[in-house]
Amino acid sequence: MLQISGVLRRALALVAVMTSLAGCVDAPSAAPDETSFASAPLQTITSSSGRLNIQLRWSPPTPVKGENAVELTFLDAQGVAVDGLDATVVPWMPAHGHGTSVQPETTTSATGALIASPLYLYMSGQWQLRLTITGGVDDAAVADVQIP
């Protein structure tokens, strides 16, 4: 019979525990080849200064637990699109005091809107998208989203 030392036995036990825990956290799925957004904004928020209204369109059209994307359209007080803005988007779960390990990137669409992806909202509950807006207008905004 093979004798296993105490150190090796503990190392094997640790590997077994880590392997079983690895299945507890869902990894984000690969980004879809094409992202289509809801035709109507799911919500419109006002920036902290009140200078911008921001329309949010989601893909999928109703945000889900897992990977999402959001299209952000910036409008001035008269409803005219404001181009040339950039935004940092930070997903945040205020009830738990944490964000997500996947930092979304923003790109500009052909229509001039910003697309933030991937938004990995991995838990059910209330999330926030904390926006820091830069460019011709430096501002901030917070959008709330409920994940079933």
Side-chain angles (χ1 to χ4, degrees), residues 7 10-148:
V7 172
R10 286 190 295 277
L12 289 172
L14 180 61
V15 168
V17 169
M18 296 303 287
T19 302
S20 67
L21 287 176
C24 292
V25 177
D26 294 330
S29 59
D33 291 335
E34 272 188 49
T35 304
S36 60
F37 294 94
S39 56
L42 178 65
Q43 68 189 120
T44 300
I45 60 172
T46 302
S47 68
S48 297
S49 73
R51 293 177 59 194
L52 296 171
N53 290 313
I54 305 150
Q55 295 179 336
L56 288 84
R57 291 177 178 81
W58 288 86
S59 179
T62 302
V64 297
K65 182 174 151 184
E67 190 170 315
N68 298 271
V70 69
E71 181 183 66
L72 306 168
T73 303
F74 299 97
L75 306 170
D76 65 15
Q78 290 73 39
V80 177
V82 178
D83 294 327
L85 299 180
D86 197 9
T88 301
V89 179
V90 176
W92 187 256
M93 194 169 211
H96 295 192
H98 65 73
T100 179
S101 61
V102 179
Q103 181 60 42
E105 294 185 21
T106 57
T107 57
T108 304
S109 72
T111 63
L114 284 183
I115 297 172
S117 174
L119 291 174
Y120 186 53
L121 309 176
Y122 60 91
M123 294 180 71
S124 297
Q126 187 72 27
W127 285 84
Q128 293 178 333
L129 296 185
R130 295 180 174 182
L131 310 176
T132 302
I133 303 158
T134 57
V137 176
D138 290 338
D139 212 336
V142 176
D144 291 311
V145 60
Q146 182 67 37
I147 300 299

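FYI, the numbering just counts along the sequence from 1. What's counted below: heavy atoms across the whole structure, side chains too, no hydrogens, waters or symmetry copies.
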Does the side chain of [X] reach to within under 4.5 Å of the side chain of [Y], using non-hydrogen atoms?
| X | Y | value |
| --- | --- | --- |
| V102 | Y122 | no |
| L56 | I54 | yes |
| L114 | F74 | yes |
| N68 | P60 | yes |
| V70 | I115 | no |
| L85 | L52 | yes |

Quick check: closest heavy atoms across [X] and [Y], and the distance to 0.1 Å?
| X | Y | answer |
| --- | --- | --- |
| I45 | A141 | CD1-CB, 3.8 Å |
| A38 | R57 | O-CD, 3.1 Å |
| Q126 | M93 | O-CG, 3.5 Å |
| W58 | P63 | CD2-CG, 3.4 Å |
| L42 | P61 | CD2-O, 4.4 Å |
| D139 | S48 | OD1-N, 3.5 Å |

Review point. Does the T46 side chain pair with the main chain of G50, one donor and one acceptor, at a distance under 3.5 Å?
Key: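 No, because the side chain of T46 does not come within donor-acceptor range (under 3.5 Å) of the backbone of G50.
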Practice item. Would you confirm whether T132, through its side chain, and A140, through its main-chain N or O, come within 3.5 Å as a donor-acceptor pair? Key: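 Not at all, since once roles are kept as given, no pair shorter than 3.5 Å links the two residues.
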Check your understanding: Side chains of T44 and N53: is there a donor and an acceptor less than 3.5 Å apart?
Key ->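 Not at all, the side chains of T44 and N53 share no donor-acceptor pair under 3.5 Å.
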Practice item. Please confirm whether Y120 and W127 have ring centers closer than 6.0 angstrom. Key: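 So the answer is no for these two rings.
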Practice item. Starting at CG of L119, measure out to CD of Q103 and round the result to the nearest 0.5 Å. Key: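 So the gap between those two atoms works out to 9.5 Å.
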**Study point:** Rounded distance (nearest 0.5 Å) linking atom CG of D83 with atom OG1 of T73
**Key:**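 Reported to 0.5 Å precision, the distance equals 10.0 Å.
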Check your understanding: So with a 6.0 Å cut-off around CD of Q43, is the heavy-atom count from everything else above 12?
Key ->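 Above 12, so yes.
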Exercise for review: Under the side chain to side chain contact (heavy atoms under 4.5 Å, CB included) rule, what do L129 and L72 come out as? Steps first, then yes or no, please.
Suggested key: CA-CA 11 Å; L129 296 185; L72 306 168; 5.5 Å; no
